[in-house]
Amino acid sequence: MGIIIWLVIGGVVGWLAGMIMRDNNGILMNIVVGIVGAFIGGALFARGNINDAPLNIEAFIVSLVGAVILLAIVNLVRRGRVR
């Protein structure tokens, strides 16, 4: 059951990060960005991330910030600038 929650919450976090960064990705990329962003946010802020407590608002925000940072890095590498 935990993997399904990771995918759903990761998809939502990735979608929101894509909306914030104005980056149009598919659903699979949104899920990947959300889950990897959760790891990045958890590592940077040393707080709970989506993998520790997926339905916690603090973990959701930390995951969202990590996903936005990940998209900024991807945009920087892909296009040479951050949108």
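- For V12, the side chain to side chain contact (heavy atoms under 4.5 Å, CB included) partners at least two apart in sequence or on another chain are L16, F60.
- Summarising the geometry, atom CE belonging to M21 is positioned 9.5 Å from atom CG belonging to L70; distances are rounded to the nearest 0.5 Å.
- Taking CD1 of I40 as the start and CD1 of I35 as the end, the distance is 12.5 Å to the nearest 0.5 Å.
- Contact between V13 and G34 at its shortest, heavy atoms only, is CG1-CA, 4.0 Å.
- Separation of atoms CG (L76) and CG (L71) is listed at 12.0 Å; rounding is to 0.5 Å.
- With rounding to the nearest 0.5 angstrom, the CD1 atom of I20 is 10.0 Å from the CH2 atom of W15.
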